[in-house]
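Each chain gets a letter, A, B and so on, in the order the sequences are listed, and its residues count up from 1.
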Amino acid sequence: MTANEAPTQTNFVKQIINEHNSSGRFGQKVHTRFPPEPNGYLHIGHAKSICLNFGIAEEYGGSCNLRFDDTNPTKEDTEYVDSIKEDIRWLGFNWEDREYYASDYFETLYEYALKLIGDGKAYVCELTGEQIREYRGTLTEPGKNSPHRERSVEENLDLFERMRKGEFPDGSHTLRAKVDMASPNLNMRDPVMYRILHAHHHRTGDDWCIYPMYDWAHGQSDSIEGITHSICTLEFEDHRPLYDWYVEQLGIHHPQQIEFARLNITYTVMSKRKLLQLVSDGIVDGWDDPRMPTISGLRRRGYTPSSIRDFAERVGVAKKNSTVEVAQLEHCVREDLNAHALRVMAVLNPLKVVLTNFPEDKVEYMEAVNNPEDASAGTRQVPFTRELYIERDDFMEDPPRKFFRLAPGREVRLRYGYIIKCEEVVKDEDGNVVELRCTYDEQTRSGMPEANRKVKGTLHWVSATHAVDAEVRLYEQLFSKENPDNVAEGETFMTNMNPQSLEIIRAQVEPSLVDAQAGTHFQFERKGYFTVDSRYSVPGAPVFNRTVTLRDTWAKISKQK
RNA sequence: UGGGGCGUAGCCAAGCGGUAAGGCAUCGGCCUUUGGAGCCGACAUGCGCAGGUUCGAAUCCUGCCGCCCCAGCCA
């Protein structure tokens with residue numbers, strides 16, 4: 001972690017830990033875990049949890065385990081475990097040798113189940129799924145006991161063993177905890193501990209045909225690993241009594257579960273189910289499409305690990321359901337990239353400028369600063385010639401007030417170059433501006449005394465004879481509504497897709513960019529931050545992804561009217 | 001009509017009985033060879049509402065109101 005990140009602020013999780021430390025509940029020990037299910041790619045919401053869990057462990061001198069919660073073989077895959085590990089590492093966290101899997105504990109869990117059965121606290125139930133639901137009761141009415149609830153210990157042991165052996169088909173039997181069918185907390189109404197699933201598991205293969213449910217696996221896994229603080233999201237609050245019940249019945253180490261509010265961001269969706277749908281419906285390019293809020297998508301988009309960590313720190317941790325404005329995230333990348341990205345000039349929408357008084361074959365090299373925020377980044381030489389490209393938006397034939405750029409008869413500064421004046425506008429038959437004929441003032445080359453003359457605007461440019469043609473991908477929000485899930489009856493979040501979320505253009509970029517390496521961050525001066533795409537770039541033909549635009553005061557002004 | 005949570009500015013979020021931190025956004029101004037960055041300033045007589053306790057309440061008590069979660073053999 002770099003030293004210049006915002007100082008960490010307090011939150012209710014740390015307060016709870018502080019209380020434990022002063023009461024001595026865990027003997028000053030702090031041991032957390034990040035427990036993803038390998039059934040999808042990690043997204044920025046997970047990043048918040050990762051930063052919280054690893055961050056707290058680090059802050060209190062403890063450690064954080066990585067544990068895959070792989071108890072449902074029908075949804076999980078090694079592709080996901082690989083991507084999850086890569087993403088956590090990229091974010092800058094290290095679980096060292098503490099890489100665990102809930103499936104590592106299947107045998108222990110089975111023995112724990114035997115103990116509960118032996119203690120008369122669990123039983124094999126033969127109700128169908130539908131019957132279980134009926135017997136569970138409703139929110140306002142208590143449930144009723146399963147007819148199999150009072151089987152003998154011997155019979156339960158026999159049946160459970162045969163479940164494991166594979167004697168029964170899927171769905172025919174479950175092992176249930178004997179808690180309280182009248183509990184106002186539905187999770188306590190004899191929850192299912194094991195279900196029969198004749199499915200191939202990505203790690204245990206065909207060793208098992210019974211798999212533990214989340215509630216039965218999670219707390220016990222925490223306990224086995226000696227976790228002190230089991231941090232999860234709000235929807236598990238109702239599960240805490242069951243979490244506590246299991247470890248109490250077993251008489252094993254009892255971690256403290258703590259719940260916090262998951263992250264939501266405007267103009268995006270954050271559920272794995274919905275992200276998976278975008279991928280499988282081909283709406284996006286894959287889990288790592290630069291428009292996705294996945295860690296891999298953000299990485300490809302050009303976000304940096306420290307900007308994401310900074311974001312997680314800034315949004316804080318609390319129990320209030322909230323939606324953070326995407327502007328907050330964008331601020332975090334801009335701040336990081338402003339300090340570190342090399343400046344270059346690239347013209348996204350070119351308009352040719354001919355300097356009529358500039359010698360035909362002359363090439364002047366202008367010294368350009370690589371990063372005004374960091375002198376050690378040095379300078380580079382940029383070729384300047386008679387024919388240049390400037391941004392089409394930087395010229396207006398009939399400019400409004402406050403437009404500081406080029407217009408007929410007006411002067412403007414070319415960054416690191418000369419002050420030029422627009423003398424003539426060349427149009428095609430349809431009246432489109434195709435070229436500007438300008439003159440340059442040779443006394444105003446950057447560095448000369450005359451260059452300090454006041455001119456309203458400074459434009460970026462690129463030499464037409466040296467420019468490299470490159471693909472640039474401009475991204476907008478994936479959804480056009482602040483809350484994509486806010487839809488009319490019968491519609492889904494898919495109706496809120498933003499059809500303009502990706503625009504692919506050809507740009508003219510300065511020659512130094514031909515060999516730019518994938519993943520390198522640049523600031524295209526006056527336009528935004530861009531990074532070299534890791535999928536579509538090839539040596540000599542870079543493809544740039546726009547990470548985020550620069551703050552644009554002019555856009556704000558011109559939109560106001 | 002059951003249970004579990006949560007309400008502090010447009011968005012996050014501190015605050016824990018002594019008189020509303022900070023960030024983002026927004027709006028002014030300065031500065032600037034990026035309309036970037038930076039700098040300065042403004043931005044809750046107010047903490048969901050109503051009562052009460054107290055010298056003093058966002059913090060304690062009571063009652064309301066609003067929002068979120070729970071009836072998977074998902075996690």
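In this structure, A/Arg343 reaches the bases: a heavy-atom distance under 4.0 Å links it to at least one base atom across the strands shown. No contact: A/Tyr194 has no heavy atom under 4.0 Å from any strand. Residue contacts for A/Lys527: at a heavy-atom cut-off of 4.0 Å it reaches no nucleic acid atom on any strand shown. Contact annotation for A/Gly40: no contact, since no heavy-atom pair falls under 4.0 Å across all strands.
The distance between atom CD of A/Glu482 and atom P of B/rA25, rounded to the nearest whole Å, is 15 Å. In this structure, A/Met448 places its CE atom 15 Å from C1' of B/rU33, rounding to the nearest Å. Following rounding to the nearest Å, A/Gln257 (CD) and B/rG4 (P) show an atom-to-atom distance of 16 Å. In this structure, A/Tyr267 atom OH and B/rG10 atom P are separated by 17 Å, rounded to whole Å.
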*asked:* With side chain to side chain contact (heavy atoms under 4.5 Å, CB included) as the criterion, how do A/Ser230 and A/Arg33 come out once you've worked through the C-alpha distance, each side chain's angles and the decisive distance to 0.1 Å?
replied: CA-CA 7 Å; A/Ser230 180; A/Arg33 101 268 92 113; 3.1 Å; yes
*Test log, rule side-chain hydrogen bond (donor to acceptor under 3.5 Å, both in side chains), inputs A/Glu37 and A/Asn39*: CA-CA 6 Å; A/Glu37 183 189 12; A/Asn39 68 342; 2.9 Å; yes
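With 3.5 Å as the limit, one finds a donor-acceptor pair spanning the side chains of A/His239 and A/Asp215. With 3.5 Å as the limit, one finds no donor-acceptor pair spanning the side chains of A/Tyr389 and A/Gln508. Defined by atom type and a distance below 3.5 Å, a donor-acceptor pair is present between the side-chain atoms of A/Glu259 and A/Gln257. With no hydrogens or angles considered, a side-chain donor-acceptor pair links A/Tyr243 and A/Asp222 at under 3.5 Å.
Applying the Watson-Crick and G-U wobble criteria (two distances, each under 3.5 Å), B/rC24 pairs with B/rG10. Nucleotide B/rA50 forms a pair with B/rU62, judged by Watson-Crick or G-U wobble geometry with both contacts under 3.5 Å. The base-pairing partner of B/rC67, taking Watson-Crick or G-U wobble contacts with both distances under 3.5 Å, is B/rG5. In this structure B/rC39 sits in a base pair with B/rG29, meeting the Watson-Crick or G-U test at under 3.5 Å. Shown here, B/rG17 forms no base pair; nothing in the strands shown gives a Watson-Crick or G-U wobble contact with both key distances under 3.5 Å.
Distance from the side chain of A/His239 is smallest for B/rA75 among the nucleotides B/rC73, B/rA75, B/rC70. Of the candidates B/rG4, B/rA25, B/rG2, B/rA25 carries the atom nearest the A/Ala327 side chain, counting heavy atoms from C-beta on. When distances run from any side-chain atom of A/Leu186 to the nucleotides B/rA71, B/rG35, B/rC12, the shortest one goes to B/rA71. Residue A/Glu325 has its side chain nearest to B/rC11 when only B/rU26, B/rC11, B/rU33 are considered. Each of B/rG35, B/rA75, B/rG4 was ranked by its minimum atom distance to the side chain of A/Ile557; first place goes to B/rG35. Closest contact between the side chain of A/Lys454 and the listed nucleotides B/rU32, B/rA25, B/rC73 involves B/rU32. Closest to the side chain of A/Glu37, from the set B/rG35, B/rA75, B/rG72, is B/rA75. Comparing B/rC68, B/rA75, B/rU26 against the side chain of A/Arg551 picks out B/rU26 as the nearest. Out of B/rG36, B/rC70, B/rA75, the shortest distance to the side chain of A/Asp238 is found at B/rC70. Listed candidates were B/rC27, B/rA13, B/rG36. Nearest to the side chain of A/Leu550 is B/rG36.
Here A/Phe524 and A/Phe530 bring their ring centres to under 6.0 angstrom of each other.
In terms of phosphate contacts, A/Arg415 brings no side-chain nitrogen or oxygen within less than 4.0 Å of OP1 or OP2 of B/rG35. Distances shown here put every side-chain N or O of A/Lys556 at or beyond 4.0 Å from the OP1 or OP2 atom of B/rG35. In terms of phosphate contacts, A/Gln523 brings no side-chain nitrogen or oxygen within less than 4.0 Å of OP1 or OP2 of B/rA37. Residue A/His460 places none of its side-chain N or O atoms closer than 4.0 Å to OP1 or OP2 of B/rU34. Proximity of A/Thr553 to the phosphate of B/rG36: a side-chain N or O atom is located under 4.0 Å from OP1 or OP2. Regarding contacts with the backbone of B/rG72, a side-chain N or O of A/Arg133 is found under 4.0 angstrom from either OP1 or OP2. Within the structure, a side-chain polar atom (N or O) of A/Thr71 is placed less than 4.0 Å from OP1 or OP2 of B/rA75. Close to B/rG35, at under 4.0 Å from its OP1 or OP2, lies a side-chain N or O of A/Arg526. OP1 or OP2 of B/rG72 has not a single side-chain nitrogen or oxygen of A/Arg195 nearer than 4.0 Å. The side chain of A/Lys320 contributes an N or O atom lying less than 4.0 Å from OP1 or OP2 of B/rU8.
For A/Glu373 and B/rG36, a side-chain-to-base donor-acceptor distance below 3.5 Å is present, hydrogens and geometry of angles not being considered.
Nucleotides B/rG10 and B/rG48, compared at atom P, are 13 Å apart to the nearest Å.
For the pair A/Val315 and A/Phe524, both in contact range of RNA chain B, the more 5′-proximal nearest nucleotide belongs to A/Val315. Sequence order on RNA chain B of the closest nucleotides to A/Tyr416 and A/Glu237 puts A/Glu237 first from the 5' end.
For B/rG15, the base adopts the anti conformation, since its glycosidic angle falls more than 90 degrees from zero.
Residue side chain A/Trp554 meets the stacking definition with respect to B/rG35: its ring centre sits within less than 5.5 angstrom of the base's six-membered ring centre, and the planes differ by less than 30 degrees.
For the side chain to side chain donor-acceptor pair (under 3.5 Å) with A/Asp190, the qualifying choice from A/Arg176, A/Lys178, A/Arg136, A/Arg149 is A/Arg149, the only one to do so.
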